[in-house]
Amino acid sequence: MKKALLVVSFGTTYHDTLEKNIAAIERDLAAAFPDRDLYRAFTSGMILRRLRERDGLAIDNTQEALERLAQAGYTDVVLQSTHVMNGEERDKMMAHALPFVERFQSLTFGAPLLTEIEDYHAAAKALLARLPEKRKDSAIVYMGHGTEHHANAVYALLEYVLHDMGRTDIHIGTVEGYPGFEEVCRRLEEQGNVKNVLLVPLMVVAGDHARNDLAGEEPDSWKSLLTERGYAVSCQIEGLGENPAIRAIFVDHARAAAE
């Protein structure tokens, strides 16, 4: 029986963050499943087109990867996504993958990062391990992507878990969802006496949003806007995939899918 492990990510056009984050997750998954051949797919059509046109790099989408595995004679496939939530990208991936279920003896799906409540506690501990200790005059702001999908509620739940763990100095906002930048500013004011703000991306890869919307020098970046409001701002630019404990959650989800 030929076995495969297909790792599906949103993708990135930055080769350095691809290596540090997506490839790092893939390496940990490959090490956990030595009996399976590792394959990669991206869900973002825009990223796939840009990589192909700019770099001549061809990466499969979900459908192409599954077709490749079926044609190659694989019979047992574990598909593990590296998405943060069960949102739009996950829905799109599943819509593309489900027609292939009957093409394999076994095609199972590993859950995204934040799925069960245990995932939130594990993720919160993983985040805290990379952060400085709580200080009265400081706050930490995470920037998530955000979405109109109902899965956007994961950000509020994760923040609640972090606050329950005593880290009321941590606030989560999003670029394209709720809460946004203004809500984050209100939380900073409510915290009181905040002078220093550490900005950190809450995304699997530290790509465009992290480098530009979060930490860019443009006047509309979160770094610039918070500096304008009088805060001393620093940035910790790393994707979630650089965190070994976050990667371990994906490995656990893949193991659950393989059982």
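For Tyr39 and Asp60, the side-chain atoms include no donor-acceptor pair closer than 3.5 Å.
The main-chain N or O of Ala206 is found under 3.5 Å from a side-chain atom of Arg211 such that the two form a donor-acceptor pair.
For the pair Thr108/Glu259, no side-chain contact is recorded, criterion being any heavy-atom separation below 4.5 Å from C-beta on. Looking only at side-chain heavy atoms (C-beta outward), Arg49 and Arg54 stay at 4.5 Å or farther from each other. With a 4.5 Å cut-off on side-chain heavy atoms, Leu113 and Val204 do not count as touching.
Taking the charged nitrogens against the carboxylate oxygens, Glu190 and Arg187 do have a contact shorter than 4.0 Å, which makes a salt bridge. Between Glu182 and Arg229, at least one side-chain nitrogen of the basic residue sits less than 4.0 Å from a carboxylate oxygen of the acidic one, meeting the salt-bridge criterion. A salt bridge between Lys195 and Asp137 is absent, with no side-chain N of the basic residue lying under 4.0 Å from a carboxylate O of the acidic one.
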In a table with atom names and distances, give each donor-acceptor pair under 3.5 Å that connects a side chain of residues 147-154 to protein atoms at least two apart or in another chain.
unit_1, atom_1, unit_2, atom_2, d
Thr147, OG1, His149, N, 3.0
His149, ND1, Ala151, N, 3.0
His149, NE2, Asp91, OD2, 2.8
Asn152, OD1, Thr147, N, 3.1
Asn152, ND2, Tyr178, O, 2.5

Do any side-chain atoms of residues 239-246 form donor-acceptor pairs under 3.5 angstrom with protein atoms, and if so which ones, sequence neighbours left out?
unit_1, atom_1, unit_2, atom_2, d
Glu242, OE2, Gly239, N, 3.1
Asn243, OD1, Ala245, N, 3.0
Asn243, ND2, Ala126, O, 2.8

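A pairwise comparison of heavy atoms in Ile59 and Glu64 identifies O-OE1, 4.0 Å as the closest pair. When all heavy atoms of Gln191 and Ala139 are compared, the pair lying nearest together is OE1-CB, 3.4 Å.
If you chain together ILVMFWY residues whose side-chain heavy atoms come under 4.5 Å of each other, Val233 ends up grouped with Val141, Met143, Val175, Phe181, Val184, Leu188, Val194, Val197, Leu199, Met203, Leu214, Trp222, Leu225, Leu226, Tyr231, Ile237.
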